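For reference, the structure discussed in these notes is given below.
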Amino acid sequence: MKTVLVTGGAGFIGSHTCLRLLEDGLEVFVIDSFVNSNKQSLHKVLKIFSDSFKDKQNKIHIYEGDIRDKNLLIKIFKEAQILKKPIDGVIHFAGLKSVKESCKDPLLYWNNNLIGTISLLNIMEEFNCRKLIFSSSATVYKYNSNKLINENEKLNPSNPYGQTKLAIEKILYELSNKKEDKWKIISLRYFNPVGAHPSGLIGECPNGIPNNIFPYICGVAIGKFDYLKIFGNDWPTHDGTGIRDFIHVMDLAKAHTLALNHLKKLENQFLVINVGTSIGTSVLDLVKTFERVNKCKIKYVFSNRRDGDHARVVADNSLLLKTFGWEPKFNLEEMCKDGWNWQQKNPNGYD
Ligand code: NAD
Ligand code: UFG
């Protein structure tokens with residue numbers, strides 16, 4: 001594969017993945033509406049890349065717009081052909097991702113995530129481009145036990161955001177069943193991505209008050225918020241707080257480049273793969289590690305459990321290890337160090 005289209009490439013995971021793609025020598029086309037991101041992230045990606053790979057000529061072509069805009073998608077595929085760099089495959093990150101917002105405004109989520117994906121798939125068919133990596137989520141599972149979650153676990157997302165991910169996976173599965181076309185698709189179900197590129201030039205940049213624990217901890221550390229509310233200290237876990245599977249965003253980005261390489265081995269196939277470390281960390285463990293590594297104090301209070309939360313969500317990642325030979329390079333300490341480095345260097349994100 002030489003050229004890839006990355007939808008939502010300016011976002012948190014997309015920007016880190018674009019960097020890895022460039023480092024691997026790929027030509028990258030990005031479409032992003034910047035509804036939840038900033039073009040600066042891509043300029044920073046180019047800076048990191050050109051500072052360390054002065055001899056490589058491949059680059060990012062940036063298109064501002066919505067994946068529901070079919071004319072824009074057609075323009076991108078055509079311009080890539082004119083440049084003699086036809087798009088071989090797509091990594092599809094573009095989507096809205098807030099569980100809370102999706103409960104308030106489900107139509108917004110169905111429209112953006114589902115209609116957006118259908119629009120993309122239609123244009124891919126039109127251009128005979130049938131290789132796809134899709135950003136799915138651990139939220140598609142119906143968690144009902146304490147064991148590691150493998151890909152055969154029952155599915156039943158408890159929120160509209162997760163329902164859109166599951167519905168998209170169903171469409172992708174049906175495409176892979178088409179006899180006449182050879183769709184090769186991998187859906188990656190991410191667990192909890194955190195951290196940032198070690199340079200501190202790119203990182204997570206949520207709009208408004210973050211819903212997720214990691215950017216909230218960073219916000220407390222930098223003085224944006226007075227304290228962290230820990231949702232529940234009565235969960236059936238070793239310290240009563242929720243347990244999650246945190247994964248460094250650089251390790252997650254690497255999983256995408258491995259997945260792209262793996263596509264060529266597939267025949268009319270749809271693969272679903274968990275992307276996590278299989279290591280469970282409680283909210284309190286995370287707070288304490290962040291404090292120790294970054295020599296700072298995170299004030300917190302315990303509050304009620306958050307609706308829809310679960311005690312323990314940790315991936316069984318054996319399929320990921322076996323299929324891609326992936327292994328994590330960054331531990332929890334590095335996640336905390338790199339996330340804080342990004343936050344300190346960019347207290348107001350990319351602004
Ligand atoms: P993000 O919000 O930082 O990135 C998503 C990007 O998509 C943004 O740049 C946004 O502007 C863009 N976008 C949204 N709708 C668009 C549209 N219709 N057309 C064009 N661009 C659009 O989120 P992220 O954390 O980088 O997540 C990337 C993907 O991974 C998302 O699909 C998300 O649902 C999924 N995911 C994220 C997490 C997580 O915790 N970060 C976990 C599981 C799955
Ligand atoms: N938490 C707090 N206080 C906060 C925020 C979170 O105590 O201010 C706790 C939660 O109760 C939970 C843990 O921190 O125990 C992790 O919560 P996050 O919101 O950071 O992450 P979730 O695991 O709930 O959800 C995230 C994404 C979903 C995605 C899922 C995949 O938000 O979109 O990971 O596992 F689907």
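As the structure lists them, so they are numbered: ligands from 1, and atoms in each ligand from 1. Please read all numbers here as calculations on a predicted model, not as lab measurements.
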**OP:** Among all protein heavy atoms, pick the one closest to atom 17 (O) of ligand 2 and tell me residue, atom and distance.
**Re:** Arg306 NH2, 3.3 Å
Original post:
For ligand 1, does Phe34 get within less than 4.0 Å through its side chain, its backbone, both, or neither, judged by non-hydrogen atoms?
Top reply: backbone
Original post:
For atom 16 (C) of ligand 2, which candidate among Arg244, Arg189, His310, Arg305 holds the nearest heavy atom?
Top reply: Arg244
Subject >> Asn211, portion touching ligand 2 at heavy-atom distance under 4.0 Å >> reply: backbone
Original post:
Is it the side chain, the backbone, both or neither of Lys165 that has a heavy atom closer than 4.0 Å to ligand 1?
Top reply: side chain
Original post:
So, for Val90 and Leu120, which heavy atoms are closest and what is the spacing to 0.1 Å?
Top reply: CG1-CD2, 4.0 Å
Subject >> From Phe134, Phe93, Phe12 - option closest to atom 29 (C) of ligand 1 by heavy atom >> reply: Phe93
**OP:** Could you tell me whether some N/O pair between Thr139 and ligand 2 is separated by less than 3.5 angstrom?
**Re:** no
Original post:
Which atom names give the shortest non-hydrogen contact between Asp66 and Leu72, and what distance separates them?
Top reply: N-CD2, 4.2 Å
**OP:** Counting heavy atoms only, name the option from Gly8, Gly95, Gly162, Ser98 that's nearest to atom 14 (C) of ligand 1.
**Re:** Gly95
Original post:
Judging by distance only, is a nitrogen or oxygen of Ile67 under 3.5 angstrom from one on ligand 1?
Top reply: yes
Original post:
Is the closest N or O pair between Leu228 and ligand 2 shorter than 3.5 Å?
Top reply: no
**OP:** Determine whether the side chain, the backbone, both or neither of Ser136 has a heavy atom under 4.0 Å from any heavy atom of ligand 1.
**Re:** backbone
Subject >> Nearest option to atom 25 (O) of ligand 1, as decided by whichever heavy atom of Arg68, His16, Lys39, Lys97 sits closest >> reply: Lys97
**OP:** Flag Ser137 as yes when one of its N or O atoms lies below 3.5 Å from any N or O atom of ligand 2, and as no otherwise.
**Re:** no
Subject >> Residue list, ring pair (Phe, Tyr, Trp, His ring centres under 6.0 Å) with Tyr109, at least two apart or on another chain >> reply: none
**OP:** Would you mind telling me if ligand 2 is within reach of the side chain of Tyr161, the backbone, both or neither, using heavy atoms under 4.0 Å?
**Re:** side chain
**OP:** Looking only at distances, please establish whether an N/O atom of ligand 1 is found under 3.5 Å from an N/O atom of Tyr190.
**Re:** no
Original post:
Taking all non-hydrogen atoms of both residues, which atom of Ala311 and which atom of Pro236 are closest, and how far apart?
Top reply: CB-CD, 3.9 Å
Original post:
Do Asn212 and ligand 2 have an N or O pair less than 3.5 Å apart?
Top reply: yes
Original post:
Mind checking whether Gly242 has an N or O less than 3.5 Å away from an N or O of ligand 2?
Top reply: no
